[in-house]
Amino acid sequence: AIEHRLWPEIEKITMEQLHYARLGVGAGGWQLFAEDGDMRMYRREEEADGLVVDPLKACHVVKGVTGHEVCEIFFSPEYRTGWEATLEDMTVVEKVSKDTLIFLQTHKRIWPASQRDALFWSHMRRVSDDQDPDAHDLWIVCNHSTEHPDYPPNTGKCVRVYLTVCLVCQTFIDPPKDEDEIKRENITCKITYCSVVNPGGWAPASVLRAVYKREYPKFLKRFTSFCIDQCKDKPITF
Ligand SMILES: CCCCCc1ccc(-c2ccc(S(=O)(=O)CCO)cc2)cc1/C=C\c1ccccn1
């Protein structure tokens, strides 16, 4: 296949994000800021050019879905309006390959900051776990801001944000007794969600931190509930 101009960057960022997601939260100044059942949300307070860019890492355990199913729903454009509450508009700008798309998204304005949009490539892949060959494969979706000649930043009403996001999922199977077929009640998905969002233009630190504190827990709960609901009556995709 002819290599796409973005491929080297996609490969590099995706593997870096996989490594970053698998680092624990023991070291590195992570601060637990939200907990709900099996969901733990951590952030680090960081600023770049006076703008809040707090990295976020969320860990969650969801029963009844596989990592492949969760990543498929997170990646696919057709499901996004079902779980992304702050989305105002979404366009697939370019189909790089069947597992790599470029999205332009406009998010609802959050007073008093101006409205934001995001232009990013999104790449999904299965990664075999080199450290533990018996463990089930990992699935990752990585979203990273990019440029596109047809969508220059900050030309319309929106301020362009710059983000790097990854969703890393691992499936665990608790085998049913006497060789029955595996049912959804026997599967568990361990999810790690990491994000760094540079708001791109001025937004008060207090507003940004309040937005993230309120929106991220809602976002992950809504997304995982959507996955459970989408998959419950369908055959399992490993
Ligand atoms: C002043 C407000 C600035 C923030 C506006 C904003 C920018 C970006 C984004 C955003 C969040 C998640 C992704 S993703 O994980 O890649 C999935 C695909 O949609 C991409 C973009 C959101 C939001 C606004 C709200 C907000 C902030 C966190 C969490 C949830 N909502």
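Every number for a ligand or one of its atoms is a count from 1 in the order of the listing. Sequence positions, counted from 1, serve as the residue numbers for this chain. All values derive from a computational prediction rather than experimental measurement.
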So the ring pair (Phe, Tyr, Trp, His ring centres under 6.0 Å) pairs with at least one residue in residues 59-79 (sequence neighbours excluded) are H68-W139, F74-W83, F74-F223
Under a 4.0 Å threshold between the charged nitrogen and the carboxylate oxygen, would D180 count as salt-bridged to K177? no
Extract all N/O-N/O pairs under 3.5 Å that connect ligand 1 to the protein, and present each with both atom names and the distance rounded to 0.1 Å.
{"from": "ligand 1", "atom 1": "15 (O)", "to": "Y193", "atom 2": "OH", "distance (Å)": "2.7"}
{"from": "ligand 1", "atom 1": "16 (O)", "to": "N143", "atom 2": "ND2", "distance (Å)": "2.9"}
{"from": "ligand 1", "atom 1": "19 (O)", "to": "E84", "atom 2": "OE2", "distance (Å)": "2.4"}
{"from": "ligand 1", "atom 1": "19 (O)", "to": "Q105", "atom 2": "OE1", "distance (Å)": "3.4"}
{"from": "ligand 1", "atom 1": "19 (O)", "to": "Q105", "atom 2": "NE2", "distance (Å)": "2.9"}

Taking the basic N atoms (NZ, or NE/NH1/NH2) and the acidic carboxylate oxygens, is any pair closer than 4.0 Å for K12 and E9?
no
Quiz item: If you measure from the Lys or Arg side-chain nitrogens to the Asp or Glu carboxylate oxygens, is any gap between D54 and R209 under 4.0 Å?
Solution: yes
Across all chains, not counting sequence neighbours, the ring pair (Phe, Tyr, Trp, His ring centres under 6.0 Å) partners of Y151 are H148
For K213, the salt bridge (Lys or Arg N to Asp or Glu O under 4.0 Å) test, sequence neighbours excluded, returns none
